[in-house]
Amino acid sequence: MVKKVMDLTIFDSITDQNIISFLMIMLVALFIWGKIRYDAVSLIMLSLFVIFGFIPAGEAFSGLGHPAVVTVALVLLISKGLEKSGFISFVGIKIQKIIHSETQFILILCLIAAFLSSFMNNIGAMAMLLPITISICQKMEWNPSKFLMPLAFASILGGMNTKIGTPPNIIISELRGEYSSNDFSFFDFAFAGVPVSVIGIIFIMLIGWRLIPIRPINSVHNPLINLDDYLVEMKVDKNSSLIDKRAYDLRSLLDDDTSLIGQIDEDDKKSEIHGNQKIFEGQILILKINPDYIAEVQKDFGLSLNLEKDIKNNEIVAGIEAIIIPKSRLIGRKYNYFKRLIGGQLSLLGLWRKGLKYRFRLSNEIFKSGDVLLIANRGEAEKIGERLELAGLMPLWQREFDIVNDTSKIFLAIVIFLLSLSSIIFNFLPIIVAFLLCVLAFASIKLLTGDSIYRHIDWPVVVLLAAMIPIGNTLTEYGITSSISSSLAQYSNVLNLVWILIILMVITMFLSDVINNAATAVIMAPIAANVAIETGQSVDAFLMCVAIGASCAFLSPIGHQCNTLVMGPGNYKFGDYWKLGLPLEILIICISIPIIVFFWT
C-alpha cells in the first residue's frame with residue numbers, strides 16, 4: 001500500500017512537471033509569435049498557473065513587491081528626471097561642437113550611450129540620444145542609418161556594466177541573494193561588462209558599421225513620409241457653407257484621410273489654424289487630401305483651388321515626425337483612439353512602417369511599436385511635448401519640448417543622482433531606498449510632476465516582471481530547474497566548464513533575441529544556478545553568464561526595445577540586424593567567457 005502511494009505521488013509530480021513544461025513552452029511560443037503584448041501574455045499565463053494550482057491565489061501578485069520590479073520602475077523615473085533637467089540637450093550641444101568625421105561621431109556617440117546606459121535604463125538613454133543623433137546627421141548631411149544601429153547596440157552593451165543598467169542585471173543580482181549571503185554589488189557586473197562594451201564599441205567603429213545596409217537618408221528635407229503631392233491650398237468661396245464656422249467644425253466634417261492643417265495668413269505665409277478660429281470668405285486653407293477627393297471637397301464645402309500658389313516643399317505647418325515608443329498607449333489601437341486621446345490638438349497625416357508609407361486609409365491601420373507618424377500640431381505649441389508624452393510618441397528631431405532650460409537644474413539633478421549612486425556603491429542605503437529618495441528629490445524640484453510620474457514608468461515591463469517572477473519560482477518549486485540542470489550536468493564529464501558556459505550563454509542569447517530580455521533572465525537564471533550546483537561550480541559564474549547572454553539581443557528588431565526604436569528612423573529591415581549583430585554576439589562570447597572564468601570561478 002505504501003508503495004502504491006509513493007508511486008502515485010511520483011506520478012502526480014511528473015504530471016505537474018509536464019503541465020508546467022507545456023505552459024512554459026506555450027509562454028515562449030506566444031512571446032515569439034508577438035501578436036499579443038508581452039505583458040498580456042505574462043498575465044494570461046500567470047492566470048493559468050493560478051487556475052492549475054501551481055501558484056496560490058494570494059501570491060499571484062507578489063512579484064509587484066519584488067525588489068527587482070520596484071528598482072526597474074524607479075530607474076525609469078530617474079532617467080526621465082535627468083532628461084527633463086536638460087542634461088541630454090546639454091550633452092547634444094557639446095557633441096555638435098567637437099565632431100568632425102563620421103568615424104569620430106560613431107565612437108563618441110557609442111561611448112556616451114554606453115556610459116549613460118551604465119547608470120540609467122539603457123532604453124531611456126538610447127531614446128534620449130536618438131533625436132540628438134538625427135539632428136546632427138541632418139546638420140552634417142550624413143545618413144542616419146550608419147549611426148542609429150550602433151547607437152542602439154552601444155546602449156545595450158552599456159547596460160551590462162552595472163547592477164541597474166538593464167533589468168536582467170537587477171533580476172540576477174536579487175536572485176544571487178538566494179544562493180549566497182548577499183546580492184551582487186553595484187560594479188560586480190563591470191568585470192565582464194566593461195571589456196565587452198569597450199571592445200564591442202571598437203569593433204562597431206572600425207568594422208561593424210560597414211555591415212549595416214545604408215538606404216536613402218531621412219531628414220527634415222527628405223522625411224520618411226513625403227506629402228508634397230497631397231498638400232493643397234483651397235480658397236473659401238463667397239457662398240461657402242463654412243463662412244463664420246470655426247475650424248473645429250470643418251475638421252469634424254472631414255473624413256479620416258483629409259485634414260485641415262493650416263492657412264495662408266495676411267503676410268502670405270503658412271501658419272497654424274486653431275480650432276476656435278472662424279473661417280471667412282477669401283481665406284486660403286491648407287489641406288492634406290487625396291487628389292481623388294479634391295473635387296468632392298470643393299463641391300461639398302464651397303471651396304476652390306488656389307491656383308496662384310502651390311505648396312512645393314514639404315513645409316508642413318508644425319509638422320513633426322514622431323516614433324511610437326514601446327510603452328505607448330497607441331499600440332494595438334486604431335486612428336479613432338488617437339483622435340480620442342489627442343486628436344483635438346494633433347492631426348495624423350501619414351504613417352511609416354518597415355519601409356512602407358501609408359498616406360490614406362490610416363483609420364484602418366493598427367498602430368505598432370516603432371511606427372513613425374507624421375503629425376501636425378493644431379493646438380498650443382507650448383503644450384506639444386506634454387501631448388506627445390501622453391500618447392507615447394517621441395519626436396525624431398531634437399526639439400526643446402517641455403525641457404527645463406536652466407543650467408542650475410542640470411547641476412542639481414546630477415548632484416542628486418550622484419549622491420544616490422554613492423549611497424548604493426558604499427552600502428549606506430539599499431538600492432530601493434536610495435533611488436526612491438532620488439525620485440522624491442526630483443519631484444521636489446519639479447523635474448517629475450503629478451500624474452506624469454505614472455506615465456514615465458514603462459508599465460508593460462513592470463507587469464511582465466511582476467507576473468514572470470512567481471511563474472519562474474514554480475520552475476524551482478516543482479523541480480523543473482533541477483531536472484534540466486541535472487540533464488545538462490551529465491555533459492560535465494565530457495565538456496569542461498568553458499564549453500558549458502558557452503552553451504548556456506548561446507541558449508540565453510537565442511531566447512533573448514526572440515522574447516523579452518527580462519523574461520529570459522527569469523527563466524534562465526534558476527536553471528543556470530542549479531547547473532552550477534549540480535556540477536560543483538561557482539553559482540556566480542553561471543549567473544554572470546546568463547546576465548551577459550540575456551542582454552545580448554542583437555539579431556532582430558524584436559529582441560530589445562532599443563532595436564525597435566531605431567528601425568523606423570534608421571530605415572532598417574528585419575533582416576538587417578543580424579548582419580552586425582551576429583559577429584558582435586560571437587565577439588562577446590569570445591571576450592566574456594574567459595573573463596567570467598577568471599573572475600568568478
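Side-chain atoms are counted along with the backbone in the values below, which use heavy atoms only and exclude waters and symmetry mates.
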[X] [atom1] to [Y] [atom2] distance, which is reported to the nearest 0.5 Å:
X	Y	atom1	atom2	result
S538	M544	OG	CE	9.5 Å
M524	F510	CE	CZ	11.5 Å
Y335	R340	OH	CZ	12.0 Å
F49	M24	CZ	CE	5.5 Å
I324	F338	CD1	CZ	9.0 Å
F442	S420	CZ	OG	7.0 Å

Quick check: closest heavy atoms across [X] and [Y], and the distance to 0.1 Å?
X	Y	answer
Y454	W459	O-NE1, 2.8 Å
L501	A541	CD2-O, 4.2 Å
A192	I596	CB-CG1, 4.4 Å
A521	V546	CA-CG1, 4.5 Å
I548	S592	CG2-OG, 4.1 Å
A519	F31	CB-CE1, 4.1 Å

[X] side chain near [Y] side chain, heavy-atom distance below 4.5 Å:
X	Y	result
P470	I55	yes
I156	F554	yes
I445	I416	yes
N563	F153	yes
L48	F54	no
M160	S117	no
L330	L373	yes
D540	Y179	no

Output, in order, the C-alpha distance, side-chain angles, deciding distance and verdict of side chain to side chain contact (heavy atoms under 4.5 Å, CB included) for S21 and I480. CA-CA 8 Å; S21 298; I480 293 175; 4.0 Å; yes
Just by modelled atom types, is the [Y] backbone N or O under 3.5 Å from a matching donor or acceptor in the [X] side chain?
X	Y	answer
D183	L175	no
S42	D39	yes
S556	D513	yes
T474	I471	yes
N169	T162	yes
S328	A391	yes
Y572	M149	yes
N530	T481	no
S512	A550	yes
D371	K368	yes

Quick one, V50 with E59, criterion side chain to side chain contact (heavy atoms under 4.5 Å, CB included). Give me CA distance, side-chain angles, the key distance, then yes/no. CA-CA 9 Å; V50 173; E59 298 177 12; over 6 Å; no
Enclosure of F61 CZ (heavy-atom neighbours >12, cutoff 6.0 Å): no
Would you say the ring centroid of F187 lies under 6.0 angstrom from that of F191? no
Derivation of the side chain to side chain contact (heavy atoms under 4.5 Å, CB included) call for T71 and H66: CA-CA 9 Å; T71 303; H66 194 278; over 6 Å; no
Could you tell me whether the side chains of D188 and S185 share a donor-acceptor contact shorter than 3.5 Å? yes
In terms of side-chain heavy atoms, does S155 have a donor or acceptor partner in N122 at a distance below 3.5 Å? no
Flag this pair as yes if the NZ/CZ of R333 is under 6.0 angstrom from the six-membered ring centre of F367 and inside a 45 degree cone about the axis; otherwise no. no
Please state whether the rings of F184 and F189 are parallel, tilted or perpendicular, taking 30° and 60° as the class boundaries. perpendicular
Side chain to side chain contact (heavy atoms under 4.5 Å, CB included) between L393 and I375: does it pass, once the steps are laid out? CA-CA 10 Å; L393 293 169; I375 53 183; 4.3 Å; yes
